[in-house]
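What you see below is based on every heavy atom in this structure, not just the backbone, and it leaves out hydrogens, waters and symmetry mates. One is the number of the first residue; the rest follow in order along the sequence.
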Amino acid sequence: MKETLSLDTLGDLDNGSARAIVDHEIGVAVQDIDDRGEDEKPRKVVIEVEMKRQDNGTVVTHVKAQAKLPPRQSHGTVAES
């Protein structure tokens, strides 16, 4: 079915899997900030919408999402050499 692509309809792509993908990555970022947000570093969710015209003129759209989190790091440890 042909549909107008917008922010409102983006989540419906691929029978709603685009919405599930984005929501999952938002959840990952929220969980991380709940767990270790005292570091005051930002969490980001990058959402990529890729559109490509096929030979028959139709446009195929893919949605990708990825949570960007600060790396986990241990506290410093003094060691003798």
Side-chain angles (χ1 to χ4, degrees):
M1 178 167 79
K2 194 172 183 179
E3 195 168 336
T4 301
L5 187 62
S6 70
L7 184 57
D8 292 329
T9 62
L10 200 59
D12 298 332
L13 295 177
D14 194 19
N15 296 315
S17 69
R19 178 179 291 106
I21 289 167
V22 172
D23 286 350
H24 173 77
E25 293 302 308
I26 290 171
V28 168
V30 168
Q31 183 64 51
D32 188 73
I33 206 163
D34 283 347
D35 288 346
R36 42 184 208 126
E38 67 279 352
D39 64 5
E40 298 182 7
K41 294 179 181 175
R43 277 62 173 169
K44 299 178 184 181
V45 176
V46 177
I47 302 167
E48 180 179 330
V49 179
E50 178 183 281
M51 295 169 279
K52 187 174 181 182
R53 184 175 303 277
Q54 293 184 319
D55 291 338
N56 64 4
T58 61
V59 177
V60 176
T61 305
H62 297 272
V63 175
K64 301 176 186 177
Q66 183 178 15
K68 302 285 187 171
L69 313 174
R72 297 188 181 274
Q73 178 176 331
S74 68
H75 295 287
T77 304
V78 177
E80 292 182 29
S81 55

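- Remark: K44 engages K68 in a side chain to side chain contact (heavy atoms under 4.5 Å, CB included) (not counting sequence neighbours).
- Connection of I47 to M51 is established within a shared hydrophobic cluster, with ILVMFWY side chains joined at heavy-atom distances below 4.5 Å, either directly or through further cluster members.
- Take S6 and apply the side chain to side chain contact (heavy atoms under 4.5 Å, CB included) test, not counting sequence neighbours, and it matches D8, T9.
- Across every non-hydrogen atom of A29 and R43, the tightest pair is O-CG, 3.9 Å.
- Rounding to the nearest 0.5 Å gives a distance of 6.0 Å between CG of L13 and OG1 of T61.
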N/O donor to acceptor pairs below 3.5 angstrom from side-chain atoms of residues 72-81, sequence neighbours left out:
unit_1: R72; atom_1: NH2; unit_2: D32; atom_2: OD1; d: 3.4

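- Residue V46 is not grouped with residue V63 when hydrophobic side chains (ILVMFWY) are merged at heavy-atom distances under 4.5 angstrom, including chains of intermediate members.
- A search for side chain to side chain contact (heavy atoms under 4.5 Å, CB included) contacts involving E38 returns R36, not counting sequence neighbours.
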Candidate pair E48 and E50, rule side-chain contact (heavy atoms from CB on, under 4.5 Å), full reasoning: CA-CA 6 Å; E48 180 179 330; E50 178 183 281; 4.2 Å; yes
Can you give each donor-acceptor pair under 3.5 Å made by side-chain atoms of residues 52-59, sequence neighbours left out, with the distance rounded to 0.1 Å?
unit_1: R53; atom_1: NH1; unit_2: G57; atom_2: O; d: 2.8
unit_1: Q54; atom_1: OE1; unit_2: T58; atom_2: OG1; d: 2.9
unit_1: N56; atom_1: OD1; unit_2: T58; atom_2: N; d: 3.1
unit_1: N56; atom_1: OD1; unit_2: T58; atom_2: OG1; d: 2.7

Just distance, no hydrogens or angles: give the donor-acceptor pairs under 3.5 Å from side chains in residues 14-28, sequence neighbours left out.
unit_1: D14; atom_1: OD2; unit_2: S17; atom_2: OG; d: 2.8
unit_1: S17; atom_1: OG; unit_2: D14; atom_2: O; d: 3.2
unit_1: R19; atom_1: NH1; unit_2: G11; atom_2: O; d: 3.4
unit_1: R19; atom_1: NH1; unit_2: D12; atom_2: OD1; d: 3.2
unit_1: R19; atom_1: NH2; unit_2: D12; atom_2: OD1; d: 2.8
unit_1: E25; atom_1: OE1; unit_2: A67; atom_2: N; d: 2.8

